[in-house]
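Scroll down for the structure; my scribbles are underneath it.
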Amino acid sequence: MKYRAMRGTRDILPGESEQWRYIERVFSDTAGHYGCREIRVPIFEATELFERGIGEATDIVQKEMYTFPDRKNRSLTLRPEGTASVVRAYLEHSLGRRTGAVKLYYSGPMFRYDRPGQGRYRQFHQVGVEFIGSPDPQADVETLEILIGFLGGVGLRELETRINSLGCPSCRPAYQDKLQKELQSIGSSLCGDCRTRVDRNPLRVLDCKREECRALFGNLPVMLEHLCAECDDHMRRVEENLKEIRLPYRVDPLLVRGLDYYTRTTYEVHHGGLGSQSALGGGGRYDGLVEQMGGPPTPAVGFSAGIERILLSLEEEGASPDVEKGPDVFLAAADEAGEAEALRLAHRLRRRFSVERDYRRRNLKSQMKSASGHGARFVVVLGEREIGEGAVSVKDMKSGEQTTVDLESLEGWFGRALEPGCES
Ligand code: HAM
């Protein structure tokens, strides 16, 4: 094999692509029920957009971006996430102009130069939602409701929702200083990664997965206990609303996120069966980002979820969607005359049904094998005799039953068989 897909990327093959389409459809239907409308943003942007949006000190910006100069030496980056681009588009097209607040959804590939492994890829695919313009805690809750509704809608059951608050620019800096000092005092017991984070991004230390480090975190101060009155009230109302709609959750004071734009509410939904990469989706409030990108102060909240991890979790639960569908009709030709007529008949039937053929001019037995390999619902056998009589034999591949049907009335017959309730 001369060429293979690059490490961390994968082909989505027929058989899988139907599952992807199904998941994307459940997502767009769910987001649509909450009034979200689709936005499609470019796959690359100016590097600065992500540096400023996601945060210079994050792992994503420091070591995971696919950044390259274009032919005019401008620095471009393949998007590592969608929020920064959506906010850019919101400002560029004044999307909040008519309604004040906008609710958007998106899906597509994202790129991060991460170490590939189970549930971790270099090109992966997210679906996401951004509510831009509302400070209301109910907006936080509704975005989480979409995420949970979507994951439940594709068939997942073993979900755990974790929420936290990361405060705001008026309460976080003092907490961060306090945390940093405490971390410095236990610095020698922390792992190398944590030690470099203590100075650069102390909150991210709390995200370390190593047991030895986590054992030390129990006594550290947490943001939740250092919130200002407004942030505290916001968190309280988020929790009240979650209880109101009976959405189960757990407060996780150590929940921090890999992007710097968050304020107040943050959340993640995890799946029990995924091991260390168990976050299926995550998000939260980012009230400062629009302003940071050059717009007016505008509160916002959103999330995104990874399709690959959703599919892995479905497999883990034995709940992968069975959405592969064979053709409605397979045309098998018994002889030369049948071959000629098959082209015409397929042309006719394909206006309404999916029709497959063999194309290899093989004997009838091989064609029947191919029909069942394709998972065809019905097989029509077509030859000189059938054409002469103006009637063909139709085999129901489920029941094995054979019926003779007039060539002229095939559409109506298949219509009744395949689309019951639909008058043809
Ligand atoms: P994130 O937590 O970085 O958030 O990514 C969201 C989801 O994308 C993760 O929970 C995971 O399912 C998937 N994901 C991330 N990295 C990888 C990877 N290397 N391989 C496979 N899947 C991955 C964001 O991206 C934010 N933009 C979410 C957000 C939207 N916050 C507010 N609005």
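Note that ligands are numbered from 1 as they come in the structure, with each ligand's atoms numbered from 1 the same way. Excluded from the calculations below are hydrogen atoms, water molecules and symmetry mates; all remaining heavy atoms, backbone and side chain alike, are included. Since we're looking at a predicted model, the values are computed, not measured. One-based numbering along the sequence shown.
Y34 and E145 are linked by a side-chain donor-acceptor pair at a separation below 3.5 angstrom, with hydrogens and angles left out of the test. In the model, E45 has a side-chain atom that pairs as donor or acceptor with a side-chain atom of S85 under 3.5 Å. Side chains of Y286 and E130: a donor on one and an acceptor on the other come within 3.5 Å.
Considering backbone and side-chain N/O atoms, T83 comes within less than 3.5 Å of an N/O atom of ligand 1. Ligand 1 has an N or O atom lying under 3.5 Å from an N or O atom of A279, backbone or side chain.
Judged as a side-chain contact (heavy atoms from CB on, under 4.5 Å), and not counting sequence neighbours, T196 has no contacts.
Within the listing of ligand 1, atoms 19 (N), 20 (N) sit less than 4.0 angstrom from a heavy atom of R120. Counting atoms of ligand 1 from 1 in the listed order, those under 4.0 Å from a heavy atom of G282 are 28 (C), 29 (C). Atoms of ligand 1 lying under 4.0 Å from any heavy atom of Y286, numbered from 1 in the order shown and given with element: 32 (C), 33 (N). Near E81, meaning under 4.0 Å from any of its heavy atoms, are these atoms of ligand 1: 25 (O), 26 (C), 27 (N). In the vicinity of G283, heavy-atom distances shorter than 4.0 Å reach the ligand 1 atoms 31 (N). Near Q126, meaning under 4.0 Å from one of its heavy atoms, ligand 1 places the atoms 5 (O), 6 (C), 7 (C), 8 (O), 24 (C), 25 (O). With ligand atoms numbered from 1 in the order given, ligand 1 contributes 10 (O), 12 (O) to contacts under 4.0 Å with heavy atoms of L280. For ligand 1, the atoms sitting less than 4.0 Å from at least one non-hydrogen atom of G119 are 20 (N), 21 (C), 22 (N), numbered in the order shown with element in parentheses.
A salt bridge between E411 and R348 is present, with a side-chain N of the basic residue lying under 4.0 Å from a carboxylate O of the acidic one. Between E230 and R264 there is no salt bridge, since no side-chain nitrogen of the basic residue lies less than 4.0 Å from a carboxylate oxygen of the acidic one. A salt bridge links R40 to E38: one of the charged nitrogens lies within less than 4.0 Å of a carboxylate oxygen.
Of the candidates T265, D140, T143, R285 forms a side-chain hydrogen bond (donor to acceptor under 3.5 Å, both in side chains) with just one, namely D140.
Atom 2 (O) of ligand 1 has R257 NH2, 2.9 Å as its closest protein atom, hydrogens excluded (heavy atom only). At the shortest separation from atom 24 (C) of ligand 1 among protein heavy atoms lies S304 OG, 3.4 Å. Among all protein heavy atoms, the one lying closest to atom 26 (C) of ligand 1 is Y261 OH, 3.3 Å. Looking only at heavy atoms of the protein, atom 19 (N) of ligand 1 is closest to Y121 O, 2.9 Å. Closest to atom 14 (N) of ligand 1 among all protein heavy atoms lies F124 CE1, 3.5 Å. Looking only at protein heavy atoms, the nearest one to atom 11 (C) of ligand 1 is R309 NH1, 3.5 Å. Protein heavy atom closest to atom 33 (N) of ligand 1, with residue, atom name and distance, is E130 OE1, 2.8 Å. Ranking protein heavy atoms by distance to atom 32 (C) of ligand 1, first place goes to G302 O, 3.2 Å.
The shell of residues lying under 4.0 angstrom from ligand 1, judged by heavy atoms, excludes G128. Ligand 1 has no atom lying under 4.0 Å from any heavy atom of G258.
Looking at E212, its side chain never comes within 3.5 Å of a backbone N or O of C191 through a donor-acceptor pair. Put simply, the side chain of E268 never gets that close to the backbone of A279: no donor and acceptor are under 3.5 Å apart.
Of the options Y262, Y113, F131, the smallest heavy-atom separation from atom 29 (C) of ligand 1 is shown by Y262.
The CD1 atom of I307 sits 9.5 Å away from atom CE of M110, with the distance rounded to the nearest 0.5 Å.
You'll find the ring centres of F330 and F378 outside the 6.0 Å limit.
For residues 142-168, the ring pair (Phe, Tyr, Trp, His ring centres under 6.0 Å) pairs, not counting sequence neighbours, are F27-F150.
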